[in-house]
Every structure is written in C-alpha cells, then in structure tokens.
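Structure first, commentary second.
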Amino acid sequence: MFHLTWQKSSLSGADGADNCLELASGADGLRHLRESDDPDVVVTTDAAKLRAFILGVKAGEFDHLV
C-alpha cells in the first residue's frame, strides 16, 4: 500500500476530544476514511459513493438509525 496523507477538520478537537473522522485521497483515485481513535481500521470507497453517502446523511436518510 502507498502512503496516505490524512486530513481532518480544523474544528476537530475543539471540544478537547480528539475523536474525529479523517479522510485521505489515494493515488488510486479512491477515498479512505478512518476514525482518529482507531487508525488501523480504514474504509475505502470511490468519490461518487462517498458523495452519495454524504448527501444522504445531510438529507436525513439515516436518521432512523439513531
């Protein structure tokens, strides 16, 4: 596997907690996501699927799961 440069929101950790979602774009064109408190677990997807997921979250499509 190649080196990934992880990014997180500048607002992350503002409340003193360091748990956040990190995102990296790979040279393979895929998007990689992980939680900062468990960096060995990585979810990989493509840009179109990640975009569809984020739009679904914003639209409330998963609200019934909480």
Side-chain angles (χ1 to χ4, degrees):
M1 181 156 209
F2 46 87
H3 174 75
L4 295 172
T5 301
W6 295 96
Q7 298 178 324
K8 58 184 174 180
S9 169
S10 60
L11 299 176
S12 179
D15 61 356
D18 195 29
N19 300 335
C20 63
L21 186 67
E22 299 175 326
L23 176 68
S25 295
D28 54 4
L30 295 175
R31 304 301 184 258
H32 308 274
L33 295 96
R34 69 180 185 185
E35 289 190 57
S36 60
D37 62 341
D38 195 4
D40 293 331
V41 177
V42 177
V43 174
T44 302
T45 190
D46 63 42
K49 289 177 184 171
L50 179 58
R51 182 178 189 279
F53 174 72
I54 291 171
L55 290 173
V57 169
K58 288 182 176 183
E61 292 179 22
F62 305 101
D63 289 356
H64 67 284
L65 298 174
V66 292

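Linking Ile, Leu, Val, Met, Phe, Trp and Tyr whenever their side-chain heavy atoms come within less than 4.5 Å leaves V66 and V57 in two separate clusters. Taken together through direct or relayed side-chain contacts under 4.5 Å among Ile, Leu, Val, Met, Phe, Trp and Tyr, F62 and L55 form parts of separate hydrophobic clusters.
For L30, the side-chain contact (heavy atoms from CB on, under 4.5 Å) partners two or more places apart in sequence, or in a different chain, are D28, H32, T44, D46.
Within 6.0 Å of atom CD in E61, more than 12 heavy atoms from other residues, nucleotides or ligands are found, so the atom counts as buried in its surroundings.
Between E22 and S36, the closest heavy-atom pair is OE2-CB, 3.8 Å. The minimum heavy-atom distance between W6 and V42, with the atom names listed, is CH2-CG1, 3.9 Å. Across T5 and A24, no two heavy atoms sit closer than the pair O-CB, 3.5 Å.
The closest side-chain heavy-atom distance from V41 to E35 is not below 4.5 Å.
Atoms CG and CG, from D38 and D40 in turn, are 6.5 Å apart once rounded to the nearest 0.5 Å.
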